[in-house]
Amino acid sequence: MMLNFSVGPVMSADSVREIGAEQVPYFRTSEFSELMLENEALIKKFAKADDGARVCFITGSGTASMEAAVINLFTGQDRVLVIDGGSFGHRFVELLEIYEIPHTVIRPAFGYGVTAEQLAEYDGEGFTGFLVNLDETSVGVLYDIELISDFCRRNGIFLVVDSISSFLCDPFDMKALDVQAMITGSQKALACPPGISVIVLSEQAVERVYRNRPKTMYLDLKLALKNAERGQTPFTPAVGILRQIHRRLLEIEAAGGVDAEVARIGGLARYFRTRLRETGLPFAPVSHALPNAVTSLTPTNGVSANDIFLRLKDEYGIWICPNGGELKDTVFRVGHIGALTERDFDVLLQALQDLRNRQLI
Ligand SMILES: *Cc1c(COP(=O)(O)O)cnc(C)c1O
């Protein structure tokens with residue numbers, strides 16, 4: 001069995017995997033509706049959304065919900081600021097381009113978050129929307145959401161946050177931050193199989209959804225909202241994964257709720273980073289604003305990051321997370337999400353030290 005330190009899909013708890021082995025039930029039933037209403041209530045609670053917020057469960061990976069958010073919440077009349085600090089930020093930019101929504105791109109320096117000075121440039125400029133991936137997972141940078149939230153509040157801007165890899169990992173309070181929509185997905189810290197993404201909508205966002213007329217059927221959130229009133233979805237959802245999410249949400253709640261889960265994942269991230277420094281392995285951090293979900297590293301001795309990924313996979317049965325494109329040989333990432341323990345990180349560090357002893361890194 002592989003030990004998985006990627007950033008999704010990640011390791012699931014045995015209790016969640018057991019549900020995956022069961023027959024998938026028929027879903028137009030009061031039992032499934034009840035489960036979905038509980039899913040909605042727990043997601044709202046963990047996102048710290050206001051009472052009037054609503055939740056849509058989309059069958060599709062995180063990008064499906066990014067696309068749904070863009071087309072249901074913005075129109076050609078909007079002017080959107082979007083942070084492009086890596087491949088996920090770039091995905092939002094591409095969506096805005098495809099749907100011809102006027103936008104301006106903010107590019108943080110590589111490995112850094114967005115700064116107050118960068119945002120100040122856009123004060124009073126009439127922007128109406130803001131799109132950000134709270135944790136830009138591709139480089140492992142956590143943006144300063146307080147800073148962004150203040151900017152949006154000051155300018156009356158509608159703030160939409162992709163928290164796909166930060167939900168359950170880093171502190172987040174949708175209501176206090178005036179976030180109008182937040183997105184997450186099943187295969188990150190929810191630690192379930194991929195296939196479901198989730199959009200939490202504030203009351204104001206729900207109003208926007210009912211006003212807009214996006215040219216789409218599957219991703220029209222009006223249908224999702226209408227059906228969700230009775231715990232249903234417009235089309236056949238990934239029923240099995242929604243049942244696994246239910247189990248996982250109940251377990252997080254039983255273990256102390258979202259704050260306890262954030263503390264647990266933060267503890268694993270600190271454990272790995274501290275132990276790694278102690279080993280003196282030739283890796284430097286890439287990010288100057290580390291999220292709890294992932295540590296991005298660059299080899300300082302010219303060894304290919306992708307070679308390290310391949311060796312760990314093929315010779316040690318361990319997955320770390322490679323980077324693509326330009327960063328393929330310079331950056332790899334170690335995830336801290338999923339059913340992992342400190343002992344698992346010891347195994348990874350031992351494997352890396354073994355590669356060092358073999359003079360391969
Ligand atoms: C994983 C992730 C996504 C979603 O990617 P999918 O492959 O479509 O699930 C989007 N944004 C961020 C920040 C992510 O980490």
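Whatever order the structure lists ligands and atoms in, that order sets their numbers, starting from 1.
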Backbone of Gln350 reached by a side-chain donor or acceptor of Asp354 within 3.5 Å: no
Would you call Asp220-Lys226 a salt bridge at under 4.0 Å N-O? no
Ser6 versus Asn4, side-chain donor and acceptor atoms under 3.5 Å: yes
Ion pair check, Asp78 and Arg208, cut-off under 4.0 Å: yes
For ligand 1, what are the residues with a heavy-atom contact below 4.0 Å? Ser61, Gly62, Thr63, Met66, Phe88, Arg91, Asp135, Thr137, Asp162, Ile164, Ser165, Gln187, Lys188
Could you please spell out the steps behind the ring pair (Phe, Tyr, Trp, His ring centres under 6.0 Å) verdict for Tyr26 and Phe32? CA-CA 8 Å; Tyr26 179 65; Phe32 187 69; 9.5 Å; no
Once you measure the plane-to-plane angle for Phe332 and Phe283, does it fall in the parallel (<30°), tilted (30-60°) or perpendicular (>60°) bin? perpendicular
